[in-house]
Amino acid sequence: MSIVFDENNRIFRLDAGDSSYAFLIEPNGYVAHLYYGGRLNTTDLRYLYRRTPRAFSPNPADGTAEDSRDVIPQEYSTSGIGDYRVPSAKVRRSDGYNATDMKYRSHRIYRGKPAIAGLPATFGKEEEVETLELLLADGDVEFTLFYTVFEHLPVIARSVKVSNRSGETVYIEKAASCTLDFAYGDFDLLHLPGAWARERHVERRKLNHSIQRIESGRGLSSHQHNPFFALVTPDATETAGEAYGVALLYSGNFSAEIELDQFDQVRTQIGINPDTFEWKLGPNEEFHTPEAVLVYSAEGLGGMSRAFHDLFRRHLIRSYWRDRKRPVLVNNWEATYFNFDAEKLIRIAEGAARLGIEMLVLDDGWFGHRDDDRSSLGDWFVFESKLKGGLAPLVKRVNELELKFGLWFEPEMVSRDSELFRAHPEWVLSIPGRPCSEGRQQLVLDMSQPEVVDHLFRAICAILDSAPIEYIKWDANRHLTEVGSATLPADRKKELFHRYVLGMYRLHELLLERYPKLLIEGCSGGGGRFDAGMLYYVPQIWTSDDTDAIERLEIQYGTSLLYPSSAMGAHVSACPNHQTGRTTPFETRGIVAMAGTFGYELDLNKLDEAECDIVRRQIADYHRYNHIIAQGTLYRLSMAGATNPITAWEHVSADRSEALVSCVQPRNVPNGPLNHVRLRGLEPETLYELAGDGRCFLGDTLMKAGLPLPRVESDGCGWQFYLKAVK
Ligand code: GLA
């Protein structure tokens, strides 16, 4: 049993992997948080429930000064009744008041985990997961708190269902997916801010006395912030210290609030961003929040990442491709941009076939009359003057070269200059009387309208049925503005951001139902919608439009804090790099791209013979090592910085018999040190042979004394070492 209820103490204890989580039903019916950390063996935790009267902290009418909601750590916090910290929920009644109070009413514990209609959610078999439903109520408005415990992972999934049992309509102004309180506050906050082409750089700072908010109001989870944060103990490093990671499975406007309060306690929350949200809930209607997942690690950031990776790979990604080796692809975007025709694509495909590449992906510009980014989004039919006769003859020729074929779409967007916009201006997000702002000269479709989703589904199916298309890249190249819908009444306008996300998820669901084997790569101007919500629908996401291998080190490092290597889209591109102008050795570009899904994004016909040989070698290595990278365990060994010139990471196979170590030195340090890396995750007593070298080392030696790196010859040198256990 991973969830126990101690009736005498009125305490719940949830055991997930090597972690435990506990809370108690207070005498007055509120639910106080007690503990979250390493695994415990008892529910005798009442001593952790402390009540102290505090000045200027009011108490509820049925309690005394010690009962103030302002002081006691909570499982889901009230609003307007004396807890001045960030509230979990606010529900406005027909009288206009939104004070929200909730007390324990009942609970239910069962094996398995229910799905959430219309939303992504983790899943597990009955023998793997157990769920607690804790019913709290504010009169006739109910809040069901869902806690699912993963028995073999330090993970608890949480979400909340709001049910209106009153006879009148209410409005949900806020419903966090979870609240996680701590009775102490000596933590660092770690999160992943960024920008286009500079996504998910790790930022870490000490909590201070304020509400620190990580959020998106852009309609998509965004490049700027990721729906994730971690609280880590000040001593936490990659390998030691405690880390609590919280991620939201959601791809739209989210907010995470982290508040260090007056008593140095911490309240944290994550959920739909309340600034751009409200939901009208009629009598007997229910609203389910997106799911949040909590991860505990006593092994620093590395342990936290590995738990997230295991969770996402085994209990979130559903794709047919989840455990399958993805085809090595070449994407024509950086090779041709909009300037291509069928013959040029065939030449790229021929070059690709000679080198062992397995799929050609045709990027933007194949539809409508699109020659640049000013037109045709929404017109998902072939641009005949570029591709005569449509896709079928092109794909046939590509297939004859023994390459699969993939295609780019940007389903949610429309150009003013398009047949779709001219026919259906009412399908665009807009506010009457206001001009529509543009982003990349395009407008956004109102995905809340079922007709729009149905139309897109039909249009995409028509293309997918016209030729054997085995992959699509699903892009979204702008953020939302003038978020208004022609179909929503005034009192539902603030539902639109969320309804947009639900519509986008529905289109994914429809496509997956119809094409279960279709490989979909998510994308939003690079990694602008790289979140756990998307991973429920797609097994991989384009990590960044910045393909510079050196920039990618930092982007992929940050991304790997919670997302597995198998989900990170990464390609080798041409040098000088199109985003940074930097030139990096070809080998290094391959090493960095191999930390993700691996492919090429350049004109292969422009490579010289030596480079072609490198490509052939890289592809052979990909086939040899991909099982370790995609399904193994990741150890981040070091990140280049002021005192350390090397960025290094290591993938170890599930049975620990193989390891692939990747190292890059971004800058050559004149007269610098002789570098080495210390490995992790090996069997100490096992002898490993270093490929291409013949020498054998004990795992213990490699982990303690490390591997020496060759002397650096130029900026951006990279090395890969493969180690295999000697039988
Ligand atoms: C976005 C993507 C790129 C490419 C272009 C095409 O920026 O991230 O990879 O597909 O759109 O317009």
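Heads up: numbering here begins at 1 and tracks the sequence. These numbers were taken from a predicted model, which means no experiment stands behind them. Order of listing sets the numbers, starting from 1, for every ligand and every atom in it.
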4.5 Å side-chain heavy-atom contact, [X] and [Y]:
X: Arg478; Y: Met413; value: yes
X: His571; Y: Asn331; value: yes
X: Phe340; Y: Leu362; value: yes

Heavy-atom contacts with [X] under 4.0 Å: which atoms of ligand 1 show up? List them by number with element.
X: Cys523; result: 2 (C), 8 (O)
X: Gly525; result: 1 (C), 7 (O), 8 (O)
X: Gly526; result: 8 (O)
X: Trp542; result: 8 (O), 9 (O)
X: Trp408; result: 10 (O)

Considering only non-hydrogen protein atoms, determine which one is nearest to [atom] and report residue, atom name and distance to 0.1 Å.
atom: atom 11 (O) of ligand 1; value: Asp475 OD2, 2.9 Å
atom: atom 7 (O) of ligand 1; value: Asp545 OD2, 2.7 Å
atom: atom 9 (O) of ligand 1; value: Lys473 NZ, 2.7 Å
atom: atom 12 (O) of ligand 1; value: Asp364 OD2, 2.6 Å
atom: atom 4 (C) of ligand 1; value: Asp363 OD1, 3.4 Å

Side-chain ion pair, [X] and [Y], N-O less than 4.0 Å:
X: Lys388; Y: Asp341; result: no
X: Glu611; Y: Arg616; result: no
X: Arg514; Y: Asp465; result: yes
X: Arg370; Y: Asp363; result: no
X: Lys386; Y: Asp371; result: yes

Quiz item: Backbone or side chain, does any N or O of Phe338 fall under 3.5 Å from an N or O of ligand 1?
Solution: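 No, no N or O pair falls under 3.5 Å.
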
Self-check item: Backbone or side-chain N or O of Trp333 under 3.5 Å from ligand 1 N or O
Solution: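 No, there is no polar N/O contact under 3.5 Å.
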
Within reach of ligand 1, part of [X] (heavy-atom separation under 4.0 Å):
X: Glu410; answer: neither
X: Arg440; answer: side chain
X: Asp373; answer: neither
X: Asn477; answer: side chain

Quiz prompt | is_close_aromatic(Phe381, His369), centroid dist under 6.0 Å | solution =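 Ring centroids of Phe381 and His369 are no less than 6.0 Å from each other.
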
Quiz item: Do the rings of Trp366 and Trp380 sit parallel, tilted or perpendicular, given the 30° and 60° boundaries?
Solution: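 Rings of Trp366 and Trp380: tilted, 30 to 60°.
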
Quiz item: Has Glu601 got any heavy atom lying under 4.0 angstrom from an atom of ligand 1?
Solution: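 Judged by the 4.0 Å heavy-atom criterion, Glu601 does not count as contacting ligand 1.
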
Quiz prompt | Candidates Asp546, Asn577, Thr584 - the one meeting side chain to side chain contact (heavy atoms under 4.5 Å, CB included) with Glu551 | solution =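 So, applying the side chain to side chain contact (heavy atoms under 4.5 Å, CB included) to Glu551 and each of Asp546, Asn577, Thr584, only Asp546 qualifies.
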
